[in-house]
Amino acid sequence: MGRFLNLSPARGALGTFSLPLRIQHLLATFLGAVAVFGFLYLIVGGHDSVFLLPARPDRVSIHDGPGQHLGSVPRPPRRRPTSNHPIDHLIGEARVEFNQLLGKRSFTLEQAASRYRERRGRHPPPGFDRWFAAATEMNAVIVEDFFDRIHHDINPFWGLEPREVRVRAHDQPYIIRVRNGTAEASDPEPELHFRVAQWLRLIRRFADNLPDMDLYMNHMDESRVMVPWEEMAKLVAGEQKTRAFVSPYDAISTYGGVADVEGRNRYDPHWLDHDVPKFWDFTRDACPPDSPGRNISSLPSFDKDAEYPDAPMPQYTYKGYIKNFTAAMDPCLQPHLRGMHGTYIEAISMSTTRELVPIFGECKLPPNNEILIPSAMYIAEDIRKEYSGGGERGGPWKDKKDAVVWRGSASGLRNRADNWWHNHRHRFIQMLNATTLAAIEAGDKGAARTFRLFSPDKDPYNIRARREGRLAEWVSTWSDVAFTDLLCWPPEDGEDGKPKKTCKHNDDIMSVAPGIPFKQLYDYKYLPDIDGNSFSGRYRAFLMSTSMPLKSTIYAEWHDDRLKPWVHFVPFDNSYMDIYGIMDYFLNGHDEEAKTIALDGQAWATAVLRVEDMALYTWRLLLEYARVMDDNRDRLAFVDDLLK
Ligand SMILES: *[C@@H]1O[C@H](CO)[C@@H](O)[C@H](O)[C@H]1NC(C)=O
Ligand SMILES: *[C@@H]1O[C@H](CO)[C@@H](O)[C@H](O)[C@H]1NC(C)=O
Ligand SMILES: *[C@@H]1O[C@H](CO)[C@@H](O)[C@H](O)[C@H]1NC(C)=O
Ligand SMILES: *[C@@H]1O[C@H](CO)[C@@H](O)[C@H](O)[C@H]1NC(C)=O
């Protein structure tokens, strides 16, 4: 607010003017105030979006710094919601919460350090000042809460002896080493794994600011570290015990390095790679003892139909729609996912440890213990270019089709004749296939093995087309989804000697369609994004597009704390049961809401998911990582702002 009021010409020098001048000045002040408050009204009141929010780039500058005025032309007032739909309520609440979060933005090093101390109960790590200077230089939006994930991931390591952390990271495969401010991979560069190569590039952007360290990178699709809950509870308690503010006079700023563990034998994490279809049992051991998932074992076999939930999950939905996206991602709260997500049926590969090994990875299940870093898919230049759709990221909203589009392969599990109906991607395709829905509406109960429709009288989503028995007809007007490759297992060779894209056990219910370039995906208003073998690498591109992402996942990523469901994207449940209700809302009278989410999401993603932001996140993360494995970790602290 102060920043706006500073624009007023008043500045309190009234006494020095003669009378006519003073009147002129008062008039000017009055008009200035009217202009400023009018501007504020348009942004805060007239539009549900926020001031301070980096708004649509065509209207308002997103790189507002302290003292800078926030842009020129405010957006037109939004139409007030005319319905009393649960989604109106969720959107309204999410915007308020997001505005409050942005109100905590830090503009100075002192603010940033003090908010760090308040939220973390420690001093920031040495090097925090250089990090902050770089973040400011890069126009980053710094809100301490955006970095919660770093602390969630690093905190358990305070429960181990620092040397033990160094030992566990040393001499593993797929290592990135930082020595004397230079980052190198353990493998020769021409042979680097795609992921490691991207991460190395990212780290090199700021490696000269890092102490020495070894980073053990997860090159696999699947997440790797699953420490049982009781063990984790001890480690987290260990962190809380050590949480303290060292006296600024006892603080030190030089990290000790990792040279003492060089030459040691590799630590053995005791990788578990047997029994892939029992992966749920590893997850459940990492679930809290009182969570519903903890008391349920892996399915003994997958020959029965999936157990589809009877109703929306009450813990995290509001009238059937997701209100707590963090909880909605959590398998511990949804034991039915043991039979409804490829991860728990038969992953393509498995290599899991129950020990707390510091492994950096691009996604993980909520009960996993990896240290998250931005996905290699988001860093690689050629992929970013392709996914941007030629740089356009889509045309104007009014020119887009009122429809949902999705193309992708049948990944998620090994697609076998005796398990496929448990895969989330197969379910998604069947639920949006009008032919399948027509068969169900005509009474063919066996038409879809992947899901179950609620009976019309018990449907919590109360969709008009469903009540009228024309769900299929309605879905056919807006759904364009298909597999591009069924990834059959075992693969069948085609005439050209390459594996066929079709699949004997799916061919009567699913057909294969050609892929669609990203540029053309952005011709549609609605872009669902669902998990594959793990997270989906398209998410960042969808957020940055002018279309509206619909997101469903059980995988956490680095950016989750900076994206707000219902403000930047629309969340949907991993059962997909809410998808018809969501589309009923947006397609029947709430196009303006969809457009606002699409464009606010785009502006926000363009401001906070840049490669610069990924580098800044990783830089801050690596300072914490270096501190937690340092013998002097209790004294390593940035305190310069306190000693001034
Ligand atoms: C790092 O610098 C130190 C001292 O300048 C030197 O002894 C050491 O060999 C260097 N290490 C590497 C990996 O370059
Ligand atoms: C679930 O809890 C019941 C009652 O406490 C117990 O008898 C049963 O063994 C538990 N099941 C599993 C799979 O842990
Ligand atoms: C959302 O769910 C998470 C995970 O279950 C929980 O920790 C958090 O407190 C919940 N947030 C709110 C606002 O209820
Ligand atoms: C939709 O379902 C029908 C009937 O089950 C099937 O023939 C068709 O291939 C499916 N379409 C797609 C795109 O999978």
Using a strict 4.0 Å threshold on nitrogen-to-oxygen distance, state whether [X] and [Y] make a salt bridge.
X      : Y      : result
Arg562 : Asp145 : no
Asp221 : Arg195 : yes
Arg149 : Glu557 : no
Glu97  : Lys564 : yes
Arg354 : Asp285 : yes
Arg610 : Asp613 : yes

State the [atom1]-[atom2] distance between [X] and [Y], to the nearest 0.5 angstrom.
X      : Y      : atom1 : atom2 : value
Gln430 : Thr435 : CD    : OG1   : 10.5 Å
Asp275 : Glu346 : CG    : CD    : 10.5 Å
Ile87  : Asp578 : CD1   : CG    : 8.0 Å
Asp153 : His151 : CG    : NE2   : 10.0 Å
Asn506 : Asn415 : CG    : CG    : 4.5 Å
Ile597 : Leu543 : CD1   : CG    : 12.0 Å

Side-chain heavy-atom pair [X], [Y] within 4.5 angstrom cut-off:
X      : Y      : result
Trp489 : Leu487 : no
Asn574 : Met340 : no
Phe194 : Ile383 : yes
Pro456 : Arg467 : no
Phe569 : Phe325 : yes
Pro288 : Cys332 : yes
Leu609 : Trp558 : yes
Leu299 : Glu307 : yes

Could you report the tightest heavy-atom contact between [X] and [Y], atom names first, then the distance?
X      : Y      : result
Ala410 : His426 : CB-CE1, 3.8 Å
Asp573 : Ser552 : O-OG, 3.6 Å
Leu471 : Arg466 : CD2-CD, 4.0 Å
Ala376 : Glu362 : N-OE1, 2.9 Å
Trp199 : Ser375 : NE1-C, 4.1 Å
Ala448 : Ile440 : CB-CD1, 3.9 Å

> Among pairs that include at least one residue of residues 438-451, which meet salt bridge (Lys or Arg N to Asp or Glu O under 4.0 Å), considering only residues two or more places apart or in two chains?
Replying inline: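 Found Asp305-Arg449.
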
Distance alone, cut at 3.5 Å: any donor-acceptor contact between the side chains of [X] and [Y]?
X      : Y      : result
Asp273 : Ser351 : no
Tyr555 : Thr343 : yes
Ser298 : Asp281 : yes
Asp591 : Trp397 : yes

>> If you apply the rule side chain to side chain contact (heavy atoms under 4.5 Å, CB included), what do you find for Tyr539 with Thr553, and how did you get there?
In response: CA-CA 11 Å; Tyr539 191 28; Thr553 184; over 6 Å; no

Which class fits the ring pair [X] and [Y]: parallel under 30°, tilted 30 to 60°, perpendicular over 60°?
X      : Y      : answer
Tyr344 : Trp280 : perpendicular
Phe518 : Tyr387 : parallel
Phe428 : Trp406 : perpendicular

> For the rings on Trp604 and Phe98, is their centre-to-centre separation under 6.0 Å?
Replying inline: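 Centroid separation for Trp604 and Phe98: below 6.0 Å.
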
Look at the side chain of [X] and the backbone N and O of [Y], then say whether any donor-acceptor pair between them is shorter than 3.5 Å.
X      : Y      : result
Trp566 : Asp88  : no
Asn218 : Glu222 : yes
Asn419 : Arg414 : yes
Ser409 : Asp485 : no
Asn368 : Glu370 : no
Asn423 : Ser411 : yes
His422 : Phe302 : yes
Asn99  : Val96  : no
Arg284 : Arg294 : yes
Thr353 : Val225 : no

> Can Ile322 and Tyr316 be said to form a side chain to side chain contact (heavy atoms under 4.5 Å, CB included), step by step?
Replying inline: CA-CA 6 Å; Ile322 290 177; Tyr316 60 77; 4.3 Å; yes

> Looking at Lys401, Lys400, Lys525, which hits side-chain hydrogen bond (donor to acceptor under 3.5 Å, both in side chains) with Ser547?
Replying inline: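 The passing option is Lys400.
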
> side-chain hydrogen bond (donor to acceptor under 3.5 Å, both in side chains) with Asp531: which of His424, Lys551, His341?
Replying inline: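 One option only clears the test, and that one is His341.
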
>> What verdict does the side chain to side chain contact (heavy atoms under 4.5 Å, CB included) test give for Glu392 and Tyr522, after you've listed the backbone C-alpha separation in whole Å, the side-chain angles of each residue and the deciding distance to 0.1 Å?
In response: CA-CA 9 Å; Glu392 295 293 313; Tyr522 302 147; over 6 Å; no

> After noting the C-alpha distance and the side-chain angles of Asp330 and Gln315, does the key distance pass the side chain to side chain contact (heavy atoms under 4.5 Å, CB included) rule?
Replying inline: CA-CA 11 Å; Asp330 193 348; Gln315 299 101 316; over 6 Å; no

>> Check this for me: Lys319, atom NZ, are more than 12 non-hydrogen atoms of other residues, nucleotides or ligands nearer than 6.0 Å?
In response: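 Not more than 12 within 6.0 Å, no.
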
>> Taking atom CZ as the centre, does Arg464 end up with more than 12 heavy-atom neighbours from other residues, nucleotides or ligands that are less than 6.0 angstrom away?
In response: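 No, because the 6.0 Å sphere around CZ of Arg464 holds 12 heavy atoms or fewer from other groups.
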
>> Testing Tyr580, Phe572, Tyr461, Tyr585 one by one against Tyr321 for a ring pair (Phe, Tyr, Trp, His ring centres under 6.0 Å), which residue passes?
In response: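 Output: one option passes, namely Tyr461.
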
